[in-house]
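Right, one structure below, let's go through it.
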2 protein chains.
Amino acid sequence: MSKPKQVSAAAPAKHDVFQAIADPTRRGLLQLLVDEELPVNVISGHFPMTRTAVSKHLRILADAGLVRERKVGRETRYKLNADPLRELKSWLAFYERYWENKLDVLKRLVESDGSEQAEAAPASLKLLDSES
Amino acid sequence: MSKPKQVSAAAPAKHDVFQAIADPTRRGLLQLLVDEELPVNVISGHFPMTRTAVSKHLRILADAGLVRERKVGRETRYKLNADPLRELKSWLAFYERYWENKLDVLKRLVESDGSEQAEAAPASLKLLDSES
DNA sequence: TTGACATGAAACCATTTGGTTTCATATAAT
DNA sequence: ATTATATGAAACCAAATGGTTTCATGTCAA
């Protein structure tokens, strides 16, 4: 009886987000549903495959929490739920410092010889806030 | 006339980065190689599978450009190359507004003065708690 | 030179994946 | 009440995936 009603957060994530976004069709689905809630019928019209196939992709996305479904009459409408992408973001964040090579250059500069003048740094320093 | 034909030449990406990071073992590999260049032998010691299996994962990562290999004597050493993750980052960036803007949802709600329909308010407010 | 070590390639296998077609069910429309 | 629509579930299938074992090759050490 007690239907937990799927509140917020804590998505069970039977399919993890990494796997969910691995498929290009699925990424296309996310993009399509980014600001519109659409029924399966309409959604599948955008992809070169069966409605059933699209439906299965939607299920995988739903399992990963990336999409929310809502029954309206005889149709099921889906819309994006970007929340689980936060996990991706935090995973990515860890690696960001490893592609900002300029940052490493600066770091080496600062760490390896602190005795020298720090005046050479300004140009490099700008790179530190690279991202908005 | 001379077709630009993939100017960058840096990212052949036979395997795309989305698929490459979909596998947990592969993500583990990236983490392991984050600041150390290691030979296959040592790398495989960290995973519960055959050296050959690890080697194949490394190949997939290499194909996606996420790892660089270098032959040293009779061993092949691998190290992280985070650069291709930029693609992921930019893909993600597009979706960021769809989770950051939950604040905006509230803002819109408050600003519209709720004169039309206030029933949605409590549900929306709940979404705010999902903060990392 | 001979033998041990490090590795990738190949052949093989079980499971998962992405897709299809067919069928059942619930809701809308006539 | 009957028919049409929207959808998911099931059964099925080919290809990809993740793994294994075996083998060949190149390099280091004795």
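Naming: A, B, ... by sequence-line order, numbering from 1 per chain.
Looking only at distances, a side-chain donor or acceptor of B/Asn81 sits under 3.5 Å from a matching main-chain atom of B/Gly65. In this structure, the side chain of B/Arg51 does not engage the main chain of B/Ile43 through any donor-acceptor pair within 3.5 Å.
With salt bridges taken as basic N to acidic carboxylate O contacts below 4.0 Å, one links B/Arg70 and B/Glu37. A salt bridge does not link B/Glu69 with B/Lys71: none of the charged nitrogens is closer than 4.0 Å to a carboxylate oxygen. A salt bridge links B/Glu96 with A/Lys89; the closest basic N to acidic carboxylate O contact falls under 4.0 Å.
Applying the side chain to side chain donor-acceptor pair (under 3.5 Å) test to B/Arg68 and every residue at least two apart in sequence or in another chain returns nothing.
When distances are taken from the side chain of B/Glu69 to each of C/dG8, C/dA11, D/dA10, the shortest belongs to C/dG8. Closest to the side chain of A/Ser55, out of C/dG18, D/dG8, C/dT7, is D/dG8. Between C/dA6, C/dT21, D/dG18, one nucleotide has an atom nearer to the side chain of B/Ile60 than all others, and that is D/dG18.
Neither OP1 nor OP2 of D/dT17 sits under 4.0 Å from any side-chain N or O of B/His57. For B/Tyr78 and C/dG8, the shortest distance from a side-chain N or O to OP1 or OP2 is below 4.0 Å. When the side-chain nitrogen and oxygen atoms of A/Thr52 are compared with OP1 and OP2 of D/dA9, none of them lie within a distance under 4.0 Å.
Put simply, CZ on A/Phe18 is 15 Å from P on D/dG18, counting in whole angstrom units. Counting to the nearest Å, the C1' atom of C/dG8 and the CG atom of B/Leu61 are 16 Å from each other. Rounded to an integer number of Å, the gap from CD of A/Gln19 to C1' of C/dT17 is 9 Å. We find that CG of B/Leu58 is positioned 8 Å from P of C/dG8, with the value rounded to whole Å. Distance CZ (A/Arg51) to P (D/dT5): 13 Å, rounded to an integer number of Å. Nucleotide D/dG18 holds its P atom 8 Å from the NE2 atom of B/His15, rounded to whole Å. Between B/Met49 atom CE and D/dG19 atom P the separation is 4 Å, expressed in whole Å. Rounded to whole Å, the distance from CZ on A/Arg59 to P on D/dT7 is 13 Å.
A heavy atom lying under 4.0 Å from DNA chain C marks the following residues of residues 20-39 of chain A, by number: A/Asp23, A/Arg26.
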Can you build the contact string for nucleotides 24-30 of chain D? Use B for base contact, S for sugar-phosphate-only contact, and - for no protein heavy atom under 4.0 Å. ---BB--

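A residue-by-residue look at A/Ala53 and B/Val42 shows that B/Val42 has its nearest nucleotide of DNA chain C further toward the 5' end.
The CG atom of A/Leu33 sits 8.0 Å away from atom CG of A/Leu61, with the distance rounded to the nearest 0.5 Å.
Remark: the A/Lys56 side chain and the D/dG8 base include no donor-acceptor N/O pair separated by less than 3.5 Å.
Nucleic acid contact for A/Thr50: base, since at least one base atom lies under 4.0 Å from a heavy atom of the residue.
For the pair A/Ile60 and A/Arg26, the minimum side-chain heavy-atom distance is below 4.5 Å. Annotation: side chain of A/Leu85 is not in contact with side chain of B/Tyr98 (no heavy-atom distance under 4.5 Å).
Judged by the 6.0 Å distance and 45° axis criteria, B/Arg27 is positioned over the aromatic ring of A/Phe18.
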